[in-house]
Amino acid sequence: MASPLPPPRLLSRRRLLGGLLAAAAASTLPAATLARSTTPLTRTLPGTDVALPRVGLGSWITFNVGDDPRLLEACTAVMAAFFAAGGRLIDSSPMYGTSQATIGHALGRLEALDRVYAADKVWTSRRDEGPTQIEASRRAWGVPRFDLLQVHNLRGWEGHLETLQAMKAAGEVRHLGITTSHGRRHDEMEHIMRRAELDSVQLTYNIVDREAEQRLLPLARERGIGVIANRPFQRKRLIRRLAGQPLPPWAAEIGAATWAQFILKFIISHPAITCAIPATTQVEHVRENLAAAREPLPDEAMRRRMAEYVRGL
Amino acid sequence: MGAGAWWTYRPDDLLMVSPRVYARLFELHNQALWPAQPLALALGGLALIVLLRPGPRRTRLLLMLLALAWAFVAWTFLWQRYAPLQRGIAPVAALFGLQALLLAGLGLLRTGLHLPRRWSVRRGIGIGLFAYALVLHPLLAPATGRGLAGAELLGLTPDPLAIATLGVMAMAEPARRAWALLALPALWCLLSGLTLTLLGAPGAWLPPLAVAMALTARWWPTPAALR
Ligand SMILES: NC(=O)c1ccc[n+]([C@@H]2O[C@H](COP(=O)([O-])OP(=O)(O)OC[C@H]3O[C@@H](n4cnc5c(N)ncnc54)[C@H](OP(=O)(O)O)[C@@H]3O)[C@@H](O)[C@H]2O)c1
């Protein structure tokens, strides 16, 4: 992107309150429920003491709204509902247009810096550009430091991992990882997982994209690496495909009331998966998604049944 | 989306805006520019009169108006609004600037471009495209539920500007210059058609249809060639 990201806004308390109410109104959510009302299931990021809710929030496309005040408010309402439902991990990248600035805007409005687990990425082929880009991202989010920094799509991973290791040693980032998606470059990811000290990897995993089950997910468990599942809904294509089909009657046994919950429960019940990060523009959907991170979750036999059912549709 | 096998990416992996954001681009643009819309329509009307009754000085005026519009859209719409949201638009904005320079350059020449005075298939298509861009294209947004606030006006937004320019270049002479100035509007219309298709927007086929019509006009045999 050519234009620089705007800095996060600093707000007075009165404006903040106004923003909260606007966000609540936009979401038809009483302001009181902005306080944490439910607790989703969590999983500890391996090797750390960080317990992450098993459903997080992505920001590709959905939060790329520029400086449009109306859409910034809509995104703030989504994040308000996310935090209200107990969500923590939000994922973004300098590749996502103005999404980082949108997150920064909402974090400021909601005074939610203490709630968020801030996961961002470094995305440049040049190693020497990494620190400048990370600093620009940090300013856009308005966080003192990132909780997780990931090398986006393995781009320039060797150099960036060195930078991130040094930042971690200096306490400038808590955790580090690498990402891929769409099942791309799994061989290379496996190679890095065997070689480097990683806290997490991010990859595409859902009820139909299951290649990661072969090698990467078992390897993550073996090596004690957290796994963040991106594209849980194949950017909605999967939900659209399933929308005309009935949920099986036994979906109630795992507490899935919708296809979105059915899919999310399948993903997060894999023992290697730390969390899934669906993106959404809708308050109702963020609530629905967070509600999937509750008991009951499917066991192994049920997971097989779920996958077979979807395959048969 | 970064390094990796580029051929595994689908076009919609590269599109970074959602339908609501794309629609809001035009609403915000119109809000910010008001009351430029009546002026744009008036200048568009003036340009249409020039096309209907061309002359050397009028043609130069038309080229200057088009140059101004290409520069204006490059800066205010593509660079300031769209480029922060969509990767790849910043260089397109630069190309729009280049088109503005080329148009202005031709406008400065005494006989940069000629427009036909006699009716022909080519002229009919050319003027038809221009009139569509000026009068009908702005009605697409209200007709498809996006409201008048989202109207795309000639001179202020890229699609009608590209279609109108295709119309002018479909009938202008000398052919080589017309072809040179037809290339970028045609590419934009194809890109816009792809974007609108990916967004599931109604009327996605209109900009590519304009390209097809402009090409048809240009390739249409002239009476001299038929003889
Ligand atoms: N290489 C990488 O590092 C990489 C690659 C891809 C993705 N990611 C990360 O992973 C995140 C998720 O992937 P994604 O955004 O590509 O796709 P996704 O999360 O699979 O799908 C997002 C779409 O799902 C819809 N959705 C969300 N919740 C829903 C619900 N409950 N019911 C119905 N529809 C629902 C949303 O539409 P509505 O707005 O209508 O809800 C949105 O259009 C990204 O945002 C990004 O943060 C990272």
Side-chain angles (χ1 to χ4, degrees), chain A residues 1-6 59-72 74-75 93-102 121-125 150-157 160 178-189 204 230-231 234-237 240 279-282, chain B residues 1-33 74-98 146-147 149-150 157 195-201:
Chain A
M1 253 338 68
S3 63
L5 295 166
S59 64
W60 164 242
I61 298 183
T62 50
F63 282 2
N64 183 25
V65 300
D67 55 5
D68 181 346
R70 191 191 295 172
L71 295 185
L72 281 172
C75 294
S93 167
M95 196 195 111
Y96 296 175
T98 62
S99 295
Q100 296 173 315
T102 302
K121 309 194 186 89
V122 54
W123 181 68
T124 162
S125 46
Q150 309 153 95
V151 181
H152 197 152
N153 284 353
L154 310 182
R155 195 173 181 187
W157 65 269
H160 293 317
I178 52 176
T179 82
T180 181
S181 65
H182 301 68
R184 295 184 183 113
R185 299 170 75 183
H186 279 193
D187 287 345
E188 200 171 348
M189 190 165 227
T204 296
N230 63 33
R231 291 178 57 86
Q234 292 186 328
R235 249 190 74 206
K236 210 164 184 165
R237 212 171 297 135
R240 283 204 199 96
T280 179
T281 55
Q282 300 189 44
Chain B
M1 283 185 105
W6 58 266
W7 59 89
T8 64
Y9 289 100
R10 303 153 52 120
D12 66 340
D13 290 330
L14 304 175
L15 187 67
M16 297 169 64
V17 291
S18 61
R20 69 171 182 166
V21 168
Y22 197 74
R24 283 286 290 164
L25 273 179
F26 297 98
E27 288 177 25
L28 291 169
H29 194 54
N30 278 332
Q31 261 172 35
L33 293 181
W75 175 249
T76 61
F77 187 84
L78 293 180
W79 183 264
Q80 292 191 312
R81 270 185 206 288
Y82 196 17
L85 299 171
Q86 177 61 51
R87 217 176 9 270
I89 292 300
V92 175
L95 288 175
F96 267 54
L98 180 68
R146 276 168 47 207
T157 55
T195 304
L196 294 170
T197 304
L198 294 174
L199 291 170

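Convention: sequence-line order gives letters A, B, ...; per-chain numbering from 1.
- By the side-chain contact (heavy atoms from CB on, under 4.5 Å) test, A/Thr124 pairs with A/Val122, A/Arg126, A/Glu129, A/Gln133, A/His160, sequence neighbours left out.
- Chosen from B/Leu15, B/Val17, B/Val21, the residue pairing most often with chain A at heavy-atom distances under 4.5 Å is B/Val21.
- In this structure, A/Asp67 CG and B/Leu85 CG are separated by 8.5 Å, a value rounded to the nearest 0.5 Å.
- Rounded to the nearest 0.5 Å, atoms CZ (A/Arg235) and CG (B/Asp13) are 7.0 Å apart.
- From B/Arg87, atom CZ reaches atom CE of A/Met95 across 4.5 Å, with rounding to the nearest 0.5 Å.
- The existence of a salt bridge linking B/Asp12 and A/Arg237 is confirmed by a sub-4.0 Å separation between a basic side-chain nitrogen and an acidic carboxylate oxygen.
- When all heavy atoms of A/Asn64 and B/Met16 are compared, the pair lying nearest together is ND2-O, 3.0 Å.
- Only the side chain of B/Glu27 comes within contact range of chain A, with heavy atoms under 4.5 Å apart.
- Among all heavy-atom pairs drawn from B/Arg20 and A/Thr62, the shortest one is NH2-O, 3.4 Å.
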